[in-house]
Trainee: 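Submitted below is the structure of interest, expressed as structure tokens.
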Amino acid sequence: MQVGEGGLTLVVIGVGLIGGSFALALKRAGKVARVIGVGRSAANLQRAVELGVIDAASHSAAEAVRQADIVLVATPVGQMGRVFAEIAPQLPAHCVVTDGGSTKSDVVALLRQHLPAHLAQCVPAHPIAGSDLSGAAAAQYGLYDNRRIVVTPLPETATAAAELVRELWQACGARVYQMSATEHDAVFATVSHLPHLLAFAYVDTIVGKADAERCFDFAATGFRDFTRIAGSHPEMWRDIALANRDALLVELDAFQHTLDALRAELAAGDAAAMTTRFERARLARQAWQQKFNRGNT
């Protein structure tokens, strides 16, 4: 099945920022003929229909996937096992299953557990795009323009299934990269999951101070920039952290080692060591920013 054939029916399970924006982009590109949205909130599904994000709504994932050519599971990772178990008996043999989860080894394990006969059609993926907004109203055209998407096909994944998912994300304007699930989880533990844990922990530390209100009164741009991601969905990030626990524990230990070294430098008044550390970090941050800017122009 190729994108160019048209007439594809997409089922989006979890109609929010990720799933809704995927549907909007593919509808605009003419790559899908019909989108069925699945969710528990009738109000959210009705809003998705009104906004043109989906064409039809269902509260039953099992019923919806009977008509599907491709399924995007865009629920929090903690709900995916239940979803895979529900849709397993009703999936058409040709239907391609993908997801938008921030962790991948756990998704692969769940696919093996619940869809063992369907692995050739399974293509785990992770769109690197996010927001603190949620629900169908958060869906937007252009969310994936020039964004990175990581796909982590299984050894059993059929080439045609992997190509379909790749082509659909490219039709959304994204740049598609491929990794193993293990490599993906190690990389994102470093650059995404650990920063979220640190931001949550830092703000929680302030909350516990006797003069917390006074501290917050004087917090400004540095606090805002460092803590923005602490405004993210708590349950979602709890599930992500637990799903990627092993890789995150390694990263936390490494960060603790660096923090201990910095504390020792501060306690000793070692200005030279602190300057070297800060300059090394500053140069690395500047190099990343330049590379990021080039990749997003």
Side-chain angles (χ1 to χ4, degrees), residues 10-24 35-45 47-48 53-54 57-62 64-65 70-88 97-115 122-140 143-144 147 149-152 165 169 181 184-185 187-189 191-197 199-200 228-248:
L10 166 67
V11 171
V12 175
I13 303 175
V15 186
L17 175 74
I18 297 301
S21 299
F22 185 69
L24 283 175
V35 178
I36 303 172
V38 179
R40 293 175 292 183
S41 169
N44 186 63
L45 291 176
R47 186 62 176 147
V53 176
I54 61 176
S58 175
H59 294 298
S60 171
V65 301
I70 181 162
V71 173
L72 171 67
V73 181
T75 65
V77 292
Q79 299 176 20
M80 288 188 183
R82 173 186 58 79
V83 171
F84 293 152
E86 182 179 352
I87 67 176
V97 178
T98 188
D99 76 291
S102 298
T103 52
K104 295 273 69 82
S105 295
D106 60 322
V107 173
V108 169
L110 290 170
L111 289 169
R112 293 193 181 281
Q113 178 183 352
H114 297 292
L115 299 176
C122 293
V123 189
H126 176 198
I128 317 303
S131 166
D132 53 5
L133 302 176
S134 60
Q140 56 188 273
L143 177 67
Y144 301 117
R147 295 295 187 95
I149 307 297
V150 179
V151 295
T152 62
V165 171
W169 279 116
H184 168 279
D185 289 354
V187 168
F188 284 91
V191 298
S192 177
H193 307 165
L194 178 64
H196 278 81
L197 261 64
F200 284 126
R228 178 186 62 81
I229 54 179
S232 300
H233 197 287
E235 288 81 8
M236 180 184 77
W237 279 98
R238 174 203 64 199
D239 290 347
I240 290 171
L242 291 173
N244 203 20
R245 177 172 51 190
D246 291 344
L248 258 176

Trainee: Does any N or O in the side chain of T75 come within less than 3.5 Å of the main-chain N or O of G14, such that one atom is a donor and the other an acceptor?
Mentor: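 A pair under 3.5 Å: no.
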
Trainee: Just to verify, what does Y144 make a ring pair (Phe, Tyr, Trp, His ring centres under 6.0 Å) with, not counting sequence neighbours?
Mentor: W169

Trainee: With salt bridge (charged side-chain N to carboxylate O under 4.0 Å, His left out) as the rule and sequence neighbours excluded, what pairs involving residues 234-248 come up?
Mentor: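 Qualifying pairs: none.
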
Trainee: Which residue pairs pass the salt bridge (charged side-chain N to carboxylate O under 4.0 Å, His left out) test with at least one member in residues 97-114, sequence neighbours excluded?
Mentor: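 Applying salt bridge (charged side-chain N to carboxylate O under 4.0 Å, His left out) to every pair that reaches into residues 97-114, excluding sequence neighbours, yields D99-K104, R112-E156.
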
Trainee: Using the test side chain to side chain contact (heavy atoms under 4.5 Å, CB included), find all partners of L197 that sit at least two apart in sequence or belong to another chain.
Mentor: A241, L248, L252

Trainee: In chain order, what residues pass the salt bridge (Lys or Arg N to Asp or Glu O under 4.0 Å) check against R82, with sequence neighbours excluded?
Mentor: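 Residues passing salt bridge (Lys or Arg N to Asp or Glu O under 4.0 Å) with R82: E86.
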
Trainee: Quick one: ring pair (Phe, Tyr, Trp, His ring centres under 6.0 Å) partners of H114, sequence neighbours excluded?
Mentor: none

Trainee: Under the rule for ring pair (Phe, Tyr, Trp, His ring centres under 6.0 Å), what residues qualify as partners of H193, not counting sequence neighbours?
Mentor: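 Once residues adjacent in sequence are excluded, the partners of H193 under the ring pair (Phe, Tyr, Trp, His ring centres under 6.0 Å) criterion are W237.
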
Trainee: Test of understanding: with side-chain hydrogen bond (donor to acceptor under 3.5 Å, both in side chains), list the residues that count as partners of S58, not counting sequence neighbours.
Mentor: none

Trainee: Taking C-beta and beyond as the side chain, do V107 and F84 meet within less than 4.5 Å on heavy atoms?
Mentor: yes

Trainee: Could you tell me if the side chain of L45 sits less than 4.5 Å from the side chain of V15, heavy atoms only?
Mentor: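 Touching, per the 4.5 Å side-chain cut-off.
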
Trainee: Would the distance check show the side chain of H59 and the main-chain N or O of G39 forming a donor-acceptor pair, the cut-off being under 3.5 Å?
Mentor: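 Indeed, once roles are kept as given, a pair shorter than 3.5 Å links the two residues.
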
